[in-house]
Amino acid sequence: MRTKLLQAVIGAALVAGFVTAATGAQAQDRGDCKPRELYVSPQGDDKADGSKEHPWQTVDRARDVISDKGWNGRGMRCDIHVNLAQGDYTVSAAIEFDETDSGSNGHQVVYRSADGPGKAKLLGGTPITGWQPYQGEVYKASFDKSKPFYTLFEKGERATVARHPNRATPETWAPYLTSTLYEPEKEGVRSWLYYNPGEWNPEWDLSQASVTIWSGGSWSWFTDTIPIESVNFPKNQATFEFWSRYALINSRGGSRYFLQNAPEFLDQPGEYYVDYKNGEVYYWPKHGAPDDDSVYRPDTTTVLKVAGSEADKRAHDIVFDGLGVQYSDYFRWYRNGWISDGDSGVEHEYAEYDRQIEMPRHRAGAVHLTNTSHVTLQNMHISDTGWTAVYALFANDHLTVRGSLLENLGADGIKVEGGYPGEGDITGHHLFTNNYIRYFGELVPGDASGVELMNTGHNEVSHSYIDHSARYAISLEVRPEVRAEDNYAKENTFSYLNLQRAGLDSGDMGAFYTYGVDNFEPHTVDNYVSQVVIGDVLPDASMPDSGTRGVHMDAGGCGFRFSDIEVGTVTDDKYQSYQCNEVTNANWATGFDSSRMEYDKIGVTDDFPFEKPPATVPPTR
């Protein structure tokens, strides 16, 4: 108990310390301040002096000079602006910032797109060159097999790994095959997939193939991407290299899946097959013969990384303004979280939380933050990622993401993951506002969310349009076993949100979703949801799970105040919860007054710097 209390005090003190320091610093007068202006250009030279006439070529060089010369140190008297000229900046490995790159004395180091939002692009990928005709409409190129990649893009569109069965449309994940039960005692198996006779062709080359599967049978909660180790065609059985999250049969019902990355599956435009053994990629382009600048492969999972060396040595007061971040990679295999309590191998008071968090190998984002304070991402355009766009892991406070367009994402839009419950409140006080997040979870449809908050509090998510997800739009999660004093998901505010096309391929969910928040009485109201429009939540016809909801307060979900909420058509209840929340003026209850809905304020604001989403209108009733 003493250790636990000490950890909690340390965590609170760290956050409070950074808050106090920042508040005091910001009080200084900036009226006569003239920022130091530095310049970077794709045509620059890192041996230059960083002036407007002689810019550097890389962000890394600007960062290093600022730190080496101490311009951001104790004597900092004004902001520093690093102006990136329009153009593409190739990033083969993450551009890293730590506490030595921070602002000081209430001033910030600002890396900004000098010619407007999205004009200066940090590219975490490079074009594949040397394309040659192969067969029919398929082209072939070679790559360095020591540097594999797991997603591909053509002219800013994600290509599809050649799969069977083919997807019905570019915006859907279906249709699927369904695993079958070979023997009754095999229902709990996680590494053997049995298929129906005749569904797999023995002529297929599956030596480098994998499966994307909604493991759990009738549970459509998580998707795994798992390489196939071997196939026993006479037995209609495939063996996975790694265990799936859940068993492949549940209540004698099979799991939906598709096969991918076999040469025989490459049969339509927009698909590709990668021969990893020989370093060759085969692609059927959607836009004519590929040239040396049309098809991009990612080189890194992270493009920008901000990480202090320790929780009490946080990188702080750094701003990224208007930058484009494009192309990041996925993984060879993926499973959401550990399978069982304590699987992480580290003892925790709530070992169950192992099953709620990402495994270490998957903790990455195109923009990745840990041990940070007062870092701002504004007017950003983050697109074409293999994994999450913005990932704030563990100790972070006062992260701001605003005015940004996040689109075509492999996993979540913004993900905040705190520490283990009861071990110190190390993340929170974040602001995510005026953002347009669309087409996310493209490679990880299970558990994908536009904004996912895990064991974190004092956050605001507001004035945003979140669109097109197989699962959630917004999620706030802890665990049902966590006692009130160890649960940090408090004082969160969700307001003026437009949530559209969620739940497209999953069940037992809500467009607005919570899990295991405030499970013990008394249920003090300390989370707030208001002025939210949720469109239709309608899953694919193949989805076997229980129905979809507008709001789903799962495994607890108490202590919330809902006011002025409107939900469209769902396949189950518009709202599912225990009787432990306050609800005022919601269209699942009698007496709903639509005149209280502030439609003109819901979604992004007028100053959103990119193409705006559709205006908010009342959903289907």
Between Thr524 and Asp526, do the side chains contain an N or O donor and an N or O acceptor separated by less than 3.5 Å? no
Would you say the rings of Trp219 and Tyr246 are close, in the sense that their centroids are separated by under 6.0 Å? yes
Any side-chain heavy atom of Asn585 within less than 4.5 Å of one from Ser563? no
Tyr439 versus Glu171, side-chain donor and acceptor atoms under 3.5 Å: yes
Please say whether the positively charged group of Arg245, taken as NZ for Lys or CZ for Arg, lies over the ring of Phe222, i.e. under 6.0 angstrom from the six-membered ring centre and within 45 degrees of the axis. yes
Going by atom types alone, do Asn498 and Gln500 pair a side-chain donor with an acceptor below 3.5 Å? yes
Of Asp573, Asp554, Asp508, which is the lone residue that meets salt bridge (charged side-chain N to carboxylate O under 4.0 Å, His left out) with Arg549? Asp508
Would you say the side chains of Ser449 and Arg471 form a donor-acceptor pair under 3.5 Å? no
Distance-only side-chain donor-acceptor flag, Ser218 / Asp545, under 3.5 Å: no
Take Phe320 and Val306 through the test side chain to side chain contact (heavy atoms under 4.5 Å, CB included) and record every step on the way to the result. CA-CA 11 Å; Phe320 301 98; Val306 187; 3.8 Å; yes
Which residue pairs satisfy the side-chain hydrogen bond (donor to acceptor under 3.5 Å, both in side chains) criterion with at least one member in residues 361-370, sequence neighbours excluded? none
Between Thr151 and Pro298 the two heavy atoms that sit nearest each other are O-CD, 3.1 Å
Which residues pass the salt bridge (charged side-chain N to carboxylate O under 4.0 Å, His left out) test with Arg355, not counting sequence neighbours? Asp341
Does the ring centre of Tyr327 sit less than 6.0 Å away from the ring centre of Phe153? yes
Test item: side-chain donor near acceptor, Glu154 and Tyr283, under 3.5 Å: yes
Between Ser113 and Leu323, is there a donor-acceptor pair closer than 3.5 Å when you use the side chain of the first and the backbone of the second? no
Does a donor on one side chain and an acceptor on the other come within less than 3.5 Å for Glu460 and Ser462? yes
Side-chain donor-acceptor pair present, Glu566, Tyr599, cut-off under 3.5 Å: yes
Going by an N to O cut-off under 4.0 Å, is there a salt bridge joining Arg163 and Glu271? no
Under the side chain to side chain contact (heavy atoms under 4.5 Å, CB included) rule, what do Val211 and Phe240 come out as? Steps first, then yes or no, please. CA-CA 9 Å; Val211 170; Phe240 293 162; 4.0 Å; yes
If only side-chain N and O atoms count, and only distance matters, is there a donor-acceptor pair under 3.5 Å linking Ser495 with Ser530? no
Residues in side chain to side chain donor-acceptor pair (under 3.5 Å) with Tyr150, at least two apart? none
Closest contact, heavy atoms only, Val401 versus Asn435: O-ND2, 2.9 Å
Could you verify whether a donor N or O on one side chain and an acceptor N or O on the other, from Arg167 and Thr160, lie under 3.5 Å apart? yes
Determine yes or no for a side-chain-to-main-chain donor-acceptor pair under 3.5 angstrom, with Asp412 supplying the side chain and Ile414 the backbone. no
Can the ring centres of Tyr195 and Tyr257 be said to be less than 6.0 Å apart? no
Aromatic ring proximity, centroids under 6.0 angstrom, Trp387 and Phe331: yes
Side chains of His381 and Glu407: is there a donor and an acceptor less than 3.5 Å apart? yes
Decide whether Arg483 and Tyr350 meet the rule of one side-chain donor and one side-chain acceptor closer than 3.5 Å. yes
Short N-O contact, Arg335 and Asp224, less than 4.0 angstrom: no
In Met553, His552, Glu477, the residue satisfying side-chain contact (heavy atoms from CB on, under 4.5 Å) with Thr514 is Met553
Side-chain heavy atoms of Arg332 within contact of Phe242, under 4.5 Å: yes
Side-chain donor-acceptor pair present, Ser383, Asn408, cut-off under 3.5 Å: no
Side-chain contact test, heavy atoms from C-beta onward, threshold under 4.5 Å: evaluate it for Tyr496 versus Glu598 and give yes or no. yes
The test is salt bridge (Lys or Arg N to Asp or Glu O under 4.0 Å); show your working for Glu481 and Arg479 and say whether it passes. CA-CA 5 Å; Glu481 303 86 357; Arg479 283 289 306 185; 2.9 Å; yes
Indicate whether the side chain of Tyr391 and that of Glu417 have a donor and an acceptor atom separated by less than 3.5 Å. yes
Salt-bridge contact Lys612-Asp606 (side-chain N to carboxylate O under 4.0 Å): no
